[in-house]
Amino acid sequence: MIKPDAVEKGFIGPILEKITAAGFKIIAMKYTRLSRRDAKEFYAIHKDRPFFGELVDFMTRGPIVSAILEKDNAVEDFRALIGATNPAEAAEGTIRRLFAIDIAENAIHGSDSDANAAIEGAFHFSGREIYS
Ligand code: CMP
């Protein structure tokens, strides 16, 4: 997901450019807005964290871009491309370093495993919307 902060600042194009230049193929994509129910479900794993309310407010305040990306070693390579959760700790040239402000408004989300990528892809897209 390209998160609401990055969409608000006009960074959809530059972020997609970095993603495709790094060799990822977009096999599904939509411009949409999460409901509070969607955001709570997507981030259910964080429901007991102190920042959960703030996270739901943030993720629902405006549109996002969701996408499914395909590449060999995609999860690991995408996490390297986006950088650490906290942009202040993200390596030079990473998407979060370039486009994010802080640990909450960190511009982009990437799945942390192949299993979660399958779950998160099915959360956003039906089979008919995926072109692999
Ligand atoms: P993401 O990689 O999408 O996974 C969980 C999200 O919660 C994270 O990016 C941030 O947007 C947010 N998050 C993580 N840690 C914090 C924190 N300490 N305070 C506020 N938000 C956080």
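Nothing fancy with the numbering, it's 1 onward along the sequence. We count ligands from 1, going down the list as the structure has it; atoms in each ligand are counted the same way.
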K.L.:
Is Arg97 paired with Glu92 through a side-chain N to carboxylate O contact shorter than 4.0 Å?
P.N.:
yes
K.L.:
Should the heavy atoms of other residues, nucleotides or ligands under 6.0 Å from CG of Asn73 be counted, would the total exceed 12?
P.N.:
yes
K.L.:
Which pairs, with at least one residue in residues 113-132 and sequence neighbours excluded, count as a salt bridge (Lys or Arg N to Asp or Glu O under 4.0 Å)?
P.N.:
Lys30-Glu129
K.L.:
List for me each residue that meets ring pair (Phe, Tyr, Trp, His ring centres under 6.0 Å) alongside Phe24, sequence neighbours excluded, and say none if there are none.
P.N.:
Phe78
K.L.:
What are the polar N/O contacts of ligand 1 with the protein below 3.5 Å, with distances?
P.N.:
| from | atom 1 | to | atom 2 | distance (Å) |
| --- | --- | --- | --- | --- |
| ligand 1 | 2 (O) | Arg96 | NH2 | 3.2 |
| ligand 1 | 3 (O) | Lys3 | NZ | 2.7 |
| ligand 1 | 3 (O) | Tyr43 | OH | 2.6 |
| ligand 1 | 3 (O) | His109 | ND1 | 2.8 |
| ligand 1 | 9 (O) | Lys3 | NZ | 2.9 |
| ligand 1 | 9 (O) | Asn106 | ND2 | 3.1 |
| ligand 1 | 11 (O) | Lys3 | NZ | 3.0 |
| ligand 1 | 11 (O) | Ala104 | O | 2.9 |
| ligand 1 | 11 (O) | Asn106 | OD1 | 3.4 |

K.L.:
Side chain to side chain donor-acceptor pair (under 3.5 Å): which pairs involve residues 6-23, sequence neighbours left out?
P.N.:
Glu8-Arg61
K.L.:
Would you say the rings of Phe123 and Phe42 are close, in the sense that their centroids are separated by under 6.0 Å?
P.N.:
yes
